[in-house]
Amino acid sequence: MKLAILGATGQTGGHAMHIALAAGHEVRVLARTPAKITENDALLSIVKGDATDATACAELVAGCDAVIAALGPPNLKATTLRRDAAKAVTTAMKQQNVKRIVWLSALGVGDSMPQMRKTSWLAANIFVPLIVKKTYVDALAAEDVLKASGLDYVLCRPPELTNKPAKGRIEEVPADQKLPRLRSTRADVAAWMVKAATTGAFDRQAVTIC
């Protein structure tokens, strides 16, 4: 398949790029600073641009089968980064007739908050309202854009991400169930996102994974 990736210069997006290339997929990534992409692979191409620019996104997604978006804010301040990027890429996808997008969100965003409460009182009542509340506002706004787009979106909602080596395990957790653990590795989450992008098994769903 031909995959477009937003956020490939970040940690989760970088893992997604490497995993997709290793699986033999053709990969196109968007980067404001292309020099940050040091991967040398004949299957990889780089588009210079910003994820909030619909024109750059259109160049990125043209001819692709699916999009993987692993974007995150640089800090915990109020932002519209993910909402603006969601608007730009969904507009571009409609223009280029690309249907599927796998979007990295987080456990506790939107209607997954009850599941977070079931899993961790501390995370739901301390971490979200006191630490990440402002970024979660943006994450929810982006989810709303995806849901209203008419595209085959997949909202990927993991718990806390770590930079530890991949454990090779990831599972989908039904919304009414407590998560078996509170952390997932970025590499494992990226592998799941590539699976979702290439199989279509989770289209038009918000999926909690860990």
Side-chain angles (χ1 to χ4, degrees), residues 4-7 10-13 16 30 50-54 57 61 66-94 98-162 170 172-179 181-184 186 189-190 192-193 196-197 202-210:
I5 299 179
L6 295 168
Q11 296 177 90
T12 307
L30 184 69
D50 190 281
T52 61
D53 180 353
C57 287
V61 306
V67 178
I68 295 172
L71 300 167
N75 53 53
L76 299 176
K77 296 179 180 179
T79 178
T80 60
L81 170 65
R82 280 175 283 196
R83 182 200 66 184
D84 295 344
K87 288 181 177 180
V89 72
T90 55
T91 296
M93 290 174 67
K94 291 175 187 178
V98 180
K99 300 297 186 182
R100 181 179 301 137
I101 179 167
V102 182
W103 185 272
L104 180 61
S105 188
L107 176 66
V109 174
D111 58 9
S112 68
M113 178 51 79
Q115 189 173 27
M116 175 177 267
R117 291 194 184 100
K118 185 187 294 287
T119 301
S120 171
W121 183 94
L122 187 66
N125 294 280
I126 303 297
F127 180 71
V128 171
L130 297 183
I131 307 298
V132 296
K133 180 179 179 178
K134 291 179 181 178
T135 64
Y136 268 40
V137 170
D138 185 41
L140 178 58
E143 285 196 1
D144 289 342
V145 171
L146 270 293
K147 289 178 179 179
S149 69
L151 299 172
D152 293 331
Y153 65 86
V154 182
L155 303 177
C156 172
R157 291 170 167 170
E160 180 183 350
L161 300 178
T162 76
I170 202 81
E172 300 87 35
V173 185
D176 62 347
Q177 293 184 18
K178 178 180 177 180
L179 274 66
R181 49 194 164 270
L182 290 173
R183 295 175 180 85
S184 294
R186 294 180 186 277
V189 169
W192 188 91
M193 293 180 76
F202 307 97
D203 287 357
R204 303 206 178 207
Q205 298 180 51
V207 185
T208 297
I209 65 171
C210 74

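Owing to the predicted nature of the structure, the values given are computational and were not obtained by experimental measurement.
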Non-neighbouring partners of S105 that pass side-chain hydrogen bond (donor to acceptor under 3.5 Å, both in side chains), sequence neighbours left out: E143

If you look at every heavy atom in S184 and C210, which pair is closest and at what distance? OG-CA, 3.0 Å

What salt bridge (charged side-chain N to carboxylate O under 4.0 Å, His left out) pairs are there with at least one residue in residues 101-117, not counting sequence neighbours? D111-R157

Kindly determine whether V145 and R82 satisfy side chain to side chain contact (heavy atoms under 4.5 Å, CB included), including the steps that lead there. CA-CA 10 Å; V145 171; R82 280 175 283 196; over 6 Å; no

Using distance only, find each side-chain donor-acceptor pair of residues 69-80 under 3.5 Å and give its atom names and separation, not counting sequence neighbours.
| from | atom 1 | to | atom 2 | distance (Å) |
| --- | --- | --- | --- | --- |
| N75 | OD1 | K77 | N | 3.0 |
| T79 | OG1 | L81 | N | 3.0 |
| T80 | OG1 | D84 | OD2 | 2.8 |

How far does CG of L179 sit from CD of Q115, to the nearest 0.5 angstrom? 5.0 Å

Please determine whether the number of non-hydrogen atoms from other residues, nucleotides or ligands lying under 6.0 Å from atom CZ of R183 exceeds 12. no

With a 4.5 Å cut-off on side-chain heavy atoms, are L161 and Q11 touching? no

All ring-ring contact (aromatic ring centres under 6.0 Å, His included) counterparts of F202, not counting sequence neighbours: W192

When rounded to the nearest 0.5 angstrom, what is the spacing between CG in D176 and OG1 in T208? 10.5 Å

Closest heavy-atom pair and its distance - I101, V89: CD1-CG1, 3.8 Å

Closest approach of A51 and A88, non-hydrogen atoms and distance? O-CB, 3.5 Å

What are the two closest heavy atoms between A54 and A92, and how far apart are they? O-CB, 3.7 Å

Which of K99, R100, R204 passes side chain to side chain donor-acceptor pair (under 3.5 Å) with D152? Answer is R204

Taken to the nearest 0.5 Å, the spacing of M116 CE from L122 CG works out to 10.0 Å

Listed once per pair and sorted, the side-chain hydrogen bond (donor to acceptor under 3.5 Å, both in side chains) pairs that draw on residues 118-136, sequence neighbours left out: none

Going from CG on L104 to CG on L6, what distance comes out if it is rounded to the nearest 0.5 angstrom? 11.5 Å

Go through the steps for V132 and F127 under the test side chain to side chain contact (heavy atoms under 4.5 Å, CB included), then give the verdict. CA-CA 7 Å; V132 296; F127 180 71; 3.6 Å; yes

Which residues satisfy the side-chain hydrogen bond (donor to acceptor under 3.5 Å, both in side chains) test with Q177, sequence neighbours excluded? none

Evaluate side chain to side chain contact (heavy atoms under 4.5 Å, CB included) for V154 paired with D203, printing each intermediate quantity in order. CA-CA 5 Å; V154 182; D203 287 357; 4.0 Å; yes

Would you compute the distance between atom CD1 of I68 and atom CD1 of I5 and round it to the nearest 0.5 angstrom? 5.0 Å

Walk me through whether C57 and T91 qualify under side chain to side chain contact (heavy atoms under 4.5 Å, CB included). CA-CA 9 Å; C57 287; T91 296; over 6 Å; no

Is the backbone N or O of G150 less than 3.5 Å from a side-chain atom of K94, with the two atoms forming a donor-acceptor pair by type? no

